[in-house]
Amino acid sequence: QVRLIESGGGSVQAGDSLRLSCQASGQSFKMYHMGWFRQAPGKEREFVSAISWSGKNTFYADSVKGRFTISRDNDNDTIHLQMTSLKPEDTAVYYCAADSLGMVSLQSTPDFWGQGTQVIVSS
């Protein structure tokens, strides 16, 4: 099966850091635009960050700008989300997504989604 395999979630305290990873399985995503979304229970899906296929262009939601960094390691067909200064409001299930046509956003239709990884931040 073609999959995006996420890892790195967990339970941490406010101010801590986590590094999420999303690795391709079944096919390469080196030529795909990639990104991260998150969703808390009972709330709408929220855009977090996006990165172009080349890694040259990145975009962040205002809520995470300056704290989160998206990157990609095409040698290992993996993208990362380095999260620092975590806040309780960052608590959510985080999903990675891949889009062959354009930058990932709430208006795009990703071709593939990861299974999600839980991030819990307590004060």
Side-chain angles (χ1 to χ4, degrees):
Q1 283 280 91
V2 177
R3 295 183 61 194
L4 297 173
I5 303 174
E6 296 167 287
S7 61
S11 298
V12 298
Q13 296 181 359
D16 286 351
S17 299
L18 280 174
R19 184 177 175 86
L20 305 184
S21 298
C22 178
Q23 187 169 35
S25 179
Q27 73 172 64
S28 175
F29 288 91
K30 294 179 180 179
M31 301 301 294
Y32 282 69
H33 304 279
M34 305 286 288
W36 292 91
F37 299 85
R38 66 187 183 187
Q39 188 167 24
K43 295 188 176 182
E44 295 182 349
R45 185 175 61 197
E46 179 185 12
F47 169 77
V48 177
S49 185
I51 187 167
S52 62
W53 70 269
S54 66
K56 293 182 179 180
N57 297 312
T58 59
F59 188 78
Y60 300 91
D62 288 341
S63 59
V64 306
K65 194 174 299 181
R67 298 188 298 118
F68 291 8
T69 302
I70 190 170
S71 63
R72 65 191 305 157
D73 177 6
N74 281 352
D75 288 340
N76 293 291
D77 226 333
T78 303
I79 66 166
H80 304 281
L81 186 68
Q82 179 67 47
M83 306 184 294
T84 63
S85 301
L86 283 164
K87 304 175 180 180
E89 51 262 44
D90 295 319
T91 296
V93 177
Y94 285 70
Y95 301 89
C96 67
D99 194 313
S100 63
L101 297 180
M103 292 289 284
V104 169
S105 72
L106 285 175
Q107 287 71 49
S108 68
T109 306
D111 299 291
F112 298 97
W113 289 89
Q115 80 286 353
T117 185
Q118 176 72 63
V119 173
I120 300 175
V121 184
S122 58
S123 59

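Between the side chain of Thr84 and the backbone N or O of Arg67, at least one donor-acceptor pair lies under 3.5 Å. A donor-acceptor contact shorter than 3.5 Å is absent between the side chain of Ser122 and the backbone of Gln13. Thr91 places a side-chain N or O within 3.5 Å of a backbone atom of Val121 that can act as its donor or acceptor partner. Looking only at distances, no side-chain donor or acceptor of Arg3 sits under 3.5 Å from a matching main-chain atom of Gln23. Checked by atom type and distance alone, the side chain of Asp90 pairs as donor or acceptor with a backbone atom of Lys87 at under 3.5 Å.
We find the CE-CZ distance between Met34 and Phe112 to be 10.5 Å, quoted to the nearest 0.5 Å. For the atom pair Ile5 CD1 and Ser21 OG, the distance stands at 11.5 Å (nearest 0.5 Å). Within the model, atoms CD of Glu6 and OG1 of Thr78 stand 12.0 Å from one another, a figure rounded to the nearest 0.5 Å. The CG atom of Leu86 lies 13.0 Å from the OG atom of Ser123; values are rounded to the nearest 0.5 Å. Rounding to the nearest 0.5 Å gives a distance of 11.0 Å between CZ of Arg38 and CG of Leu20. Rounding to the nearest 0.5 angstrom, the gap separating the SG atom in Cys96 from the CD1 atom in Ile79 is 5.0 Å.
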Please lay out, stage by stage, how Glu46 and Tyr94 fare under the test side chain to side chain donor-acceptor pair (under 3.5 Å). CA-CA 9 Å; Glu46 179 185 12; Tyr94 285 70; over 6 Å; no
Given the rule in the side chain to side chain donor-acceptor pair (under 3.5 Å) test, do Ser52 and His33 qualify, once you have shown the distances and angles that lead to the verdict? CA-CA 5 Å; Ser52 62; His33 304 279; 5.1 Å; no
Please test Ser49 against Thr58 for side-chain contact (heavy atoms from CB on, under 4.5 Å), starting from the C-alpha separation and ending with a verdict. CA-CA 7 Å; Ser49 185; Thr58 59; 5.5 Å; no
Could you go through the salt bridge (Lys or Arg N to Asp or Glu O under 4.0 Å) check for Asp62 and Lys65 one step at a time? CA-CA 5 Å; Asp62 288 341; Lys65 194 174 299 181; 3.2 Å; yes
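With hydrophobic clusters built from ILVMFWY side chains whose heavy atoms lie under 4.5 angstrom apart, Val119 does not share a cluster with Phe47. Linking Ile, Leu, Val, Met, Phe, Trp and Tyr whenever their side-chain heavy atoms come within less than 4.5 Å leaves Trp53 and Tyr60 in two separate clusters. Residues Val104 and Val93 are members of one and the same hydrophobic cluster, defined by side-chain heavy-atom contacts under 4.5 angstrom among Ile, Leu, Val, Met, Phe, Trp and Tyr. Residue Leu101 is not grouped with residue Tyr32 when hydrophobic side chains (ILVMFWY) are merged at heavy-atom distances under 4.5 angstrom, including chains of intermediate members.
The minimum heavy-atom distance linking Phe29 with Ala24 is given by the pair CD1-CB, 3.1 Å. Across all their heavy atoms, Ser100 and Asp111 have their closest contact at N-OD2, 2.8 Å. Lys43 approaches Gln39 most closely through the heavy-atom pair O-NE2, 2.9 Å. Considering every non-hydrogen atom in both Val48 and Phe37, the closest pair reads CG2-C, 3.8 Å. The two residues Ile70 and Ile51 come nearest to each other via the heavy atoms CD1-CG2, 3.7 Å. What you find for Asp99 and Ser108 is that their closest heavy atoms are OD2-CB, 3.6 Å.
Applying the 6.0 Å contact sphere to CD of Glu44 captures no more than 12 heavy atoms from other residues, nucleotides or ligands.
Proximity of Arg19 to His80: side-chain heavy atoms (C-beta onward) are separated by under 4.5 Å at one or more points. Side-chain contact check for Val12 versus Leu18: some heavy-atom pair is nearer than 4.5 Å. Gln82 has its side chain within reach of Ser17: a pair of non-hydrogen atoms, C-beta onward, lies under 4.5 Å apart.
Between Trp113 and Tyr95, the ring planes are perpendicular. Angles over 60° get that label, and only those under 30° would be called parallel.
Residues Trp36 and Phe68 keep their aromatic ring centres 6.0 Å or farther apart.
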